[in-house]
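Heads up: the structure comes next, in C-alpha cells.
Read the numbers this way: they start at 1 and go in the same order the structure lists the ligands and their atoms.
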Amino acid sequence: MNSIEKLQAFLPDPATAALITSEVNARYFTAFSYTDGAVLITKDAAYLLCDFRYIEAAEKHASSAVSVIQFKKLDETINDIILRKNIKSIMIEEESVTIAKLSSLKQKLCAELLTDSGLSEKIRSIRMIKSSAEIADITRAQRITERALTELLNHVRPGVTERELSVELEHLIHVYGGERIAFELITIAGANTSLPHGVPGDYAIHEGDFVTFDIGSVYNGCHSDMTRTYAVGHATDQMREIYDIVYLAHRKAAEKIVAGNTTADVDIAARAYIESKGFGEYFGHSTGHGVGLEIHEDPRVYKTDTTVLQDGMVITDEPGIYLPGRFGVRIEDMYVVSGADSYSLAELPKELLIL
Ligand SMILES: [Mn+2]
C-alpha cells in the first residue's frame, strides 16, 4: 500500500474524509512541496488543492496518486468536493491546526469537523515506515554530508574556530547538492563538547581537543543525521576511555536494531552499558529518534517507548557521555530496520580518529 492507501484504510466510511493542512504532511502524501493549500483524502480519491502559483509545477511533479485541482478560494473548492462526494465529516490534524484555523474552517466548511479523530497520530505512525524512495533520499542526504565532512576534515587544526567550521560545512553541503542543512550544524570543540546541543561560537580549536560534528543535510525533503567526535593532535587516556565506552554503547544499541524488538530494547542496550561503566548520569538524552521529512520523527528511541521496530523504519543510534566543563563524546548513525540485518546508512568510520 502507498501512503495514501494507508490513510484511506484509516477512514471509517466513504462519508468521512481527511483534510491535511500541515506542509510536511501535505508533502508526504503528494510528493510535492507547496504552501497555502491542502490535501483532501476520501475513501477512494485524493486531491491536491493548490493555487495559481503552484499549478504548473504540481501537475508536473506531484505524485500520480493525487488529482491536482487549482482553487481560487480553498474553502469553496473543498465544499464542492464535500457535496459531490457526499462527505459528512472531516478529520483534521489536531496536532497542527491552530485554534484560529479551526474556527475559520468551522465557519466555512459544510461538513462536521472531527477534532479528536487521531489523524495526526495516525499519520505519524504511517510516516515511521519509509518507502524505498524515502530511504534513497535519506541515503543521498547522508552521502552529501559525508562528502562535505570528509573535505572539511582537511581544514580542522588548532586555531580554527567552531563558527568557521560550521560556515564552511554548510557551504560544502550546498556545493555537494544538499538543498539545505538539516538543522543548525553543531560544530563544537574543547570543553564545549560537553554541551549535547552546543552552538558554534568563537572558540578556536586547541591541540588535544575533541571536536564534535552533529550534522546533516536535506535532499528532496529528506533529512540525514550523523555525529562524529574526533581528537585534534592527540587524545588523553581519559578521552580514549570515554570514547571507547560510547563507541561500544553505540554498537550494543545497533545490535538491538532488529525488527520485532522495541525501541526501548535499543535504548536500554546503550544505557545499561554506559551505566555499568559508571557514567549513567552523564548520558541524559534518549538514544535516538526517527528521521525522514523531519529531522526528529517517531519513533522515539527511549527506555519508556514501546514502539516495535518494523522493516523500513529509519532511526538514529546516538549515545553520548558529557563531562561538564571537560569534554563530551557522541557517536551517531542512522540505521534502516531490515529484519535481523538492519544496516547503517553511514560510510564514515566510527573508530577514534586523531586529526
Ligand atoms: Mn540525531
Side-chain angles (χ1 to χ4, degrees), residues 24 124 127-128 130 134-135 137-146 148-149 165-166 169-170 173 178-188 192-200 210-219 221-230 243 246-247 249-254 256-257 263-271 274 282-305 307 309 313-322 328-337 342-350:
V24 64
R124 280 196 277 116
R127 280 177 49 190
M128 284 199 292
K130 270 62 184 178
E134 283 177 286
I135 291 172
D137 288 339
I138 295 168
T139 306
R140 180 80 176 262
Q142 172 65 15
R143 291 292 163 273
I144 289 166
T145 308
E146 290 182 336
L149 179 60
L165 293 178
S166 152
L169 195 58
E170 178 165 353
I173 282 171
E179 281 169 22
R180 54 190 168 86
I181 49 175
F183 48 88
E184 288 304 314
L185 302 175
I186 299 175
T187 59
I188 49 178
N192 295 333
T193 55
S194 74
L195 309 169
H197 274 190
V199 178
F210 267 142
V211 184
T212 296
F213 295 93
D214 184 347
I215 57 180
S217 60
V218 178
Y219 184 81
C222 286
H223 295 65
S224 70
D225 200 1
M226 166 177 69
T227 306
R228 289 291 181 273
T229 303
Y230 302 106
Y243 193 96
V246 173
Y247 175 75
H250 177 103
R251 290 190 45 176
K252 285 175 186 297
K256 295 289 182 184
I257 303 177
T263 56
D265 295 329
V266 177
D267 180 86
I268 289 166
R271 197 166 302 281
I274 290 175
Y282 302 107
F283 175 28
H285 57 75
S286 59
T287 296
H289 55 86
V291 184
L293 286 178
E294 291 174 287
I295 186 62
H296 293 131
E297 303 190 346
D298 282 356
R300 188 171 182 222
V301 182
Y302 192 54
K303 60 184 178 183
T304 54
D305 190 289
T307 307
L309 295 173
M313 287 182 175
V314 176
I315 59 168
T316 68
D317 168 7
E318 51 177 308
I321 294 177
Y322 312 92
V329 174
R330 180 168 62 258
I331 302 170
E332 173 182 28
D333 275 353
M334 298 177 293
Y335 287 81
V336 178
V337 179
S342 301
Y343 56 94
S344 167
L345 284 179
E347 289 185 340
L348 289 188
K350 290 186 274 280

Classify the ring geometry between F210 and Y243 as parallel (under 30°), tilted (30 to 60°) or perpendicular (over 60°).
tilted

Heteroatom test (N, O or S) for H289 near the Mn ion (ligand 1), limit 2.8 Å
yes

Would you mind naming the N, O or S atom of D225 nearest to the Mn ion (ligand 1)?
OD2

Please name the atom of E332, restricted to N, O or S, that is closest to the Mn ion (ligand 1).
OE2

The Mn ion (ligand 1) - closest N/O/S atom in E318
OE2

Whether H285 and F283 hold their rings parallel, tilted or perpendicular, with breakpoints at 30° and 60°
perpendicular

Please determine whether the number of non-hydrogen atoms from other residues, nucleotides or ligands lying under 6.0 Å from atom CZ of R251 exceeds 12.
no

Would you call V211 and T193 a side-chain contact if the rule is heavy atoms closer than 4.5 Å?
no

Minimum side-chain heavy-atom gap D317-D333 below 4.5 Å
no

So, 2.8 Å as the limit: is an N/O/S atom of D214 located closer than that to the Mn ion (ligand 1)?
no

